[in-house]
Undergrad: 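Supplied in structure tokens, the structure appears directly below.
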Amino acid sequence: MSDTSLRGKVAVIGIGLSAVGKVPGRSPLSLAAEAAANALADAGLPKSQVDGVLSSHAFASPFHRFSVAFSEYFGIRPSFSNTLQVSGATAATMFSIGAAAIHGGLAKVVLLVAADSLMTGLTPDLALRSLTESRDQQYEMPFGIPVANTFALTAHRHMREFGTTPEQLAEVAVVHRRHAARTPGAQQTTPITAADVLNSPMVTTPYHKLDCSLISDGGAAFVLTSAEHAKSLGIGKPIFVLGCGECYTHEHIFLMPSLTTTGAVESSRRAYAMAGYQPRDMDVAGIYDCFTGTVVMMLEDLGFCQKGEGGPFVADGQMSYGGQIPSNTHGGLLSFAHSGMPGALFHFHEVIAQLRGRCGERQVDGAVLGLVHSLGAGFATNATTILGTEGTL
């Protein structure tokens, strides 16, 4: 292991959420501040100790420099700050860049924070913009290829190549809803069946409404510092960043190298190599679930099952309790909440809470190693993070 590796050098010492779901009358800055205050309280640190801030853009906010606007709003003056944008992969890149900044001496305590109010804070014009601006305005949007359609293309191809069925996709949504029923504060907890999914309105074939992630308000925040500083603070159960990996394969969906194999193969390979672990070692996972078919492909590309076997893997109960890799135990973007780019941070919150043993009736017994994978822009951006307890170092 190279001495330049981030493995075990940085610890997560505080986590926090804002209210999620439908939270009227709250701006993205307000939601971010709530999450940040909760994360700092969890870490036992005053906000004056924060000297680094990383964030993402918010669709319902006019600020291009959201991290700077947040710092002003929150009353801090960091010496390291950036607002990141690689679509849904931004969450995991925040962890890798935050860890690198600490390891490189650019900051001592980094606050990762993001929030948006997609459900109650978007005007019709902003809602349309959020659906369309991610795709190329010359070569994609004129031909009816907004974000949802790019993911639908990959699902169609996966079904054609491997025989994945609509019923198997629907089971992904059913599992997530079952997990959300155990999660206080989840946006959607009413049980659903595969028939409910298949009978819900069609959005873009093969995806029905219940195959698609939620639209939500909400934010999340995390406090990172060096392993040495965490020890000096007497943090009871820090969770360590063991491995990080990223991969960027294309911008336009028609130039995606393969519609059924994604950059998650490479990003996870890098993360596993840095961490010194394999897929079989993971106890719990947070897998980006903007659509049901996305989960099927990620289970394969992250190494939890062979290519083409993701559909049967889910149908056999392998991504739930008692299965090979309990995933999205909070309900994920499909049932817990999805507030845009901050959405994948909810996966980090859940996996870290699982590794701390703080998940109550949804706790995965003996969880010490976790993986979180974030992706975006029709699989153009992929980032993977491996996290572990002190005993995994």
Side-chain angles (χ1 to χ4, degrees), residues 12 15-18 20-21 28 31-32 35 39 54-59 66 83-99 112-116 118 130 134 147 151 172 176 179-180 183 186-187 212-222 224 239 241 244-248 262-264 267-268 271 284-292 294-295 297-299 301-302 327-354 370-387:
V12 184
I15 63 176
L17 295 179
S18 73
V20 302
L31 294 168
L54 290 174
S55 190
S56 64
H57 294 285
F59 283 113
F66 191 88
T83 302
L84 307 178
Q85 163 57 298
V86 281
S87 296
T90 302
T93 64
M94 288 169 68
F95 274 80
S96 59
I97 293 173
L112 312 181
V113 59
D116 212 336
L118 296 189
S130 72
S134 177
V147 174
F151 286 97
V172 174
H176 280 71
H179 290 175
T183 309
Q187 186 173 340
C212 305
S213 55
L214 302 174
I215 297 173
S216 316
D217 305 324
F222 305 83
L224 274 60
I239 300 302
V241 177
C244 305
E246 300 177 28
C247 184
Y248 303 92
T262 75
S267 68
S268 64
V284 63
I287 300 175
Y288 202 81
D289 54 312
C290 50
F291 300 95
T292 53
T294 305
V295 177
M297 290 176 63
M298 290 303 94
L299 287 166
D301 289 355
L302 295 170
S327 305
N328 300 349
T329 49
H330 60 318
L333 309 179
L334 288 163
S335 285
F336 177 76
H338 187 14
S339 55
M341 279 189 284
L345 290 177
F346 300 146
H347 294 81
F348 275 94
H349 188 278
E350 178 68 8
V351 168
I352 292 167
Q354 287 283 355
L371 172 148
V372 183
H373 183 75
S374 305
L375 64 92
F379 294 112
T381 63
N382 283 271
T384 311
T385 307
I386 308 294
L387 301 159

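Residue indices begin at 1 and follow the sequence shown. Every heavy atom of this structure was used, including side-chain atoms; hydrogens, water molecules and symmetry mates were not.
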Undergrad: What I'd like to find out is whether the side chain of Val20 reaches to under 4.5 Å of the side chain of Gln187, using heavy atoms alone.
TA: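 Val20 vs Gln187: side chains apart.
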Undergrad: Kindly compute the distance separating OG (Ser327) from CD (Glu350), expressed to the nearest 0.5 Å.
TA: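 The CD atom of Glu350 is 11.0 Å from OG of Ser327, to the nearest 0.5 Å.
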Undergrad: I'd like to know whether His179 forms a side chain to side chain donor-acceptor pair (under 3.5 Å) with Asn328, so could you lay out the CA-CA distance, the side-chain angles of the two residues, the decisive distance to 0.1 Å, and finally the verdict.
TA: CA-CA 7 Å; His179 290 175; Asn328 300 349; over 6 Å; no
Undergrad: Describe, in one word, how the ring planes of Phe348 and Phe222 are oriented to each other, choosing from parallel (under 30°), tilted (30 to 60°) and perpendicular (over 60°).
TA: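 It falls in the perpendicular class, over 60°.
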Undergrad: Could you tell me if the side chain of Val372 sits less than 4.5 Å from the side chain of Thr384, heavy atoms only?
TA: no
Undergrad: Heavy-atom distance under 4.5 Å between the side chains of Leu334 and Phe291, does that happen here?
TA: no
Undergrad: Show the nearest heavy-atom pair for residues Ala91 and Leu345, with the distance to one decimal.
TA: CB-CD2, 3.6 Å
Undergrad: Looking at every heavy atom in both Thr381 and Ala89, which two are closest together, and how far apart are they?
TA: OG1-CB, 3.4 Å
Undergrad: What is the minimum heavy-atom distance between Met298 and Leu375, and which atoms define it?
TA: SD-CD2, 3.4 Å
Undergrad: Residues two or more places apart in sequence or in another chain: which of them pass ring-ring contact (aromatic ring centres under 6.0 Å, His included) with Phe66?
TA: none
Undergrad: Please report the closest heavy-atom contact between His347 and Ile287, naming both atoms and the distance.
TA: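 For His347 and Ile287, the tightest heavy-atom pair comes out as NE2-O, 3.4 Å.
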Undergrad: Holding to side-chain hydrogen bond (donor to acceptor under 3.5 Å, both in side chains), I want the full list of residues that pass it with Asp116, two or more places apart in sequence or in another chain.
TA: none
Undergrad: So Ser96 and Glu246, do their side chains get closer than 4.5 Å, heavy atoms only?
TA: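 Yes, close enough: below the 4.5 Å cut-off.
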Undergrad: Grab the two heavy atoms, one from His176 and one from Val172, that are nearest each other, plus how far apart they are.
TA: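 Nearest heavy atoms, His176 then Val172: ND1-O, 2.7 Å.
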Undergrad: Considering all heavy atoms of both residues, which atom of Val351 and which atom of Gly286 are nearest to each other, and what is their separation?
TA: CG2-N, 3.6 Å
